[in-house]
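By convention in this document, chain letters (A, B, ...) are assigned in the order of the sequence lines, proteins followed by strands, and residues within each chain are numbered from 1.
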Protein chains: 2
Amino acid sequence: MAHTPRPAAKPTPAKPTPAKPTPDSTRRSEKSRRAIFDAALALVGEVGYPKTTVEGIAARAGVGKQTIYRWWPSKAAVLLDAFMDLGERTAREAGHESYDIPDTGDLAADLKQVLRATVDELLDPRFEIPARALAAEGLVNEPLGAEFVAGLLEPQLQLYVKRLRSAQDKGDLRPDIDPRIALELFVSPLAQRWLQHTGPISYAYTDTLVDYALYGLAPRG
Amino acid sequence: MAHTPRPAAKPTPAKPTPAKPTPDSTRRSEKSRRAIFDAALALVGEVGYPKTTVEGIAARAGVGKQTIYRWWPSKAAVLLDAFMDLGERTAREAGHESYDIPDTGDLAADLKQVLRATVDELLDPRFEIPARALAAEGLVNEPLGAEFVAGLLEPQLQLYVKRLRSAQDKGDLRPDIDPRIALELFVSPLAQRWLQHTGPISYAYTDTLVDYALYGLAPRG
DNA sequence: CGGTCACGAGACGCCCCGTCTTGTCATCCT
DNA sequence: AGGATGACAAGACGGGGCGTCTCGTGACCG
């Protein structure tokens, strides 16, 4: 729960910050929380992010506006939590405790496989619409962007770091390479094509990225 | 002038689309147009994109709101035209008729030089604030995103395509490589780090990207 | 010299914002 | 048991930007 307010508050009643009421999260209604998530995701899918409003979410969820403002600072924060909750639920029901990039010994094949799965995900509207909306909001809304990166993006990237380190141990990757930079050679191009529609995304494309990145653009020899 | 309305309209008065008044662009006030651009860029820089409003731009420019709505569909479109106009003006006063990536014969050095210049640009607040705002809007607003890509991004990328083709002619780049994909190996990582704050950007970083991309992540031999 | 039309100014209804008020209900403490 | 607490649904409220509209003005046109 990313936006749950801090449970403690200074005892001093007269401080510069107006001393918010600080809601009691133990008394929180789980039913309302889920209804808000469902309504937010449904509305973003149906009318798009810009036309999704806090009032609309509240009405759709059968919830008072105050209940939303009590727990989240903005519609973007609501959607971020809803999206992360969705991700956890779908991962759980798919049986994944925690993802990991396969390690068959063939680095190129493993990377291509994961990127193909990513392509599928990026093209699934249930994922695409809220993810794009959150990415867009994160570009302009600093704290939300940081949470988006830290909560959704960076954990994925760390899986690549792990797999690339393993490859270095086995001599499949140059030992002087920084894995955190290396992964960007195939992940970032896909991300940019998806986000900004700068080109089509397909299995052939991501396969090509892996080959180019691993074996280099310059002639070998 | 990206959003100048079409000069012609069907003679049929009763059609499904309500037949907009179609302003006469020959009678347009150049003074107002410039004042709107200046006001839009100033406001975005001062109060940020979300707090920039059409009313605010109009008031700052000493212009009626209708004059903005007559020529642009949204504040995002205004800012896009203002930003493109700014780019043209600064390029002109810097004496550049048209940019081009240097071709000294050393591909790695040429790419590193251009990327270093890009780093400088990305870190210049005068460029950064409106560019990020437009990129964010373009993610969610399809037609604006397409115009952003076609008008600002793709022309830059084509310079890389040109330089990479030249490298292929000289044998500095594998002949089977698609230059449009190859350029993404070093441009997209930089773009993503800048847009989403997924990591620091520096000369050392972009130099590394070029080396990784040209010579590959896998051991040579 | 009369007609056309972009212009500055601003009024208008609309919708959403974020806050505040009211009454209900579940939980916890005494 | 009974009283206090506090989240809850519902919705009223002022504020402000939206996009459209109506004015009166002035520049250019035939």
Identified side chain to side chain contact (heavy atoms under 4.5 Å, CB included) partner of B/Thr52 from the options B/Leu79, B/Val78, B/Ile57
B/Ile57
Rounded to whole Å, please give me the gap between CD1 in A/Ile57 and C1' in C/dG18.
14 Å
From CD of A/Glu55 across to C1' of C/dG18 the rounded distance in Å is 10 Å
Report the distance from atom CZ of B/Arg132 to atom CH2 of B/Trp194, rounding to the nearest 0.5 Å.
5.0 Å
Can you find a pair of side-chain heavy atoms, one from A/Val119 and one from A/Tyr203, that are under 4.5 Å apart?
yes
Base-contact (B) and sugar-phosphate-only (S) positions in nucleotides 1-10 of chain C, heavy-atom cut-off under 4.0 Å, - elsewhere:
---BBSBBB-
Once you build an axis from the first five pairs and another from the last five of the helix from C/dC1-D/dG30 to C/dT30-D/dA1, how far apart in angle are they, to 10 degrees?
10°
Is B/Lys112 salt-bridged to B/Asp211, cutoff N-O under 4.0 Å?
yes
Any side-chain donor near an acceptor of the partner, B/Glu184 and A/Tyr212, under 3.5 Å
no
Residues in side chain to side chain donor-acceptor pair (under 3.5 Å) contact with A/Asp178, at least two apart in sequence or another chain
none
Side-chain ion pair, A/Asp38 and A/Arg60, N-O less than 4.0 Å
no
A/Arg163/A/Asp100 salt bridge by N-O under 4.0 Å criterion:
no
To the nearest Å, give me how far apart OH (A/Tyr69) and C1' (D/dA9) are.
16 Å
Quick check on contacts: within residues 42-53 of chain A, what sits under 4.0 Å from DNA chain C by heavy-atom distance?
A/Thr53
Qualifying residues under side chain to side chain donor-acceptor pair (under 3.5 Å), relative to A/Glu88, sequence neighbours excluded
none
Got a sec, which residues hit side chain to side chain donor-acceptor pair (under 3.5 Å) with A/Gln158, two or more places apart in sequence or on another chain?
A/Glu154
Rounded to the Å, how far apart are B/Ile68 CD1 and D/dT20 C1'?
14 Å
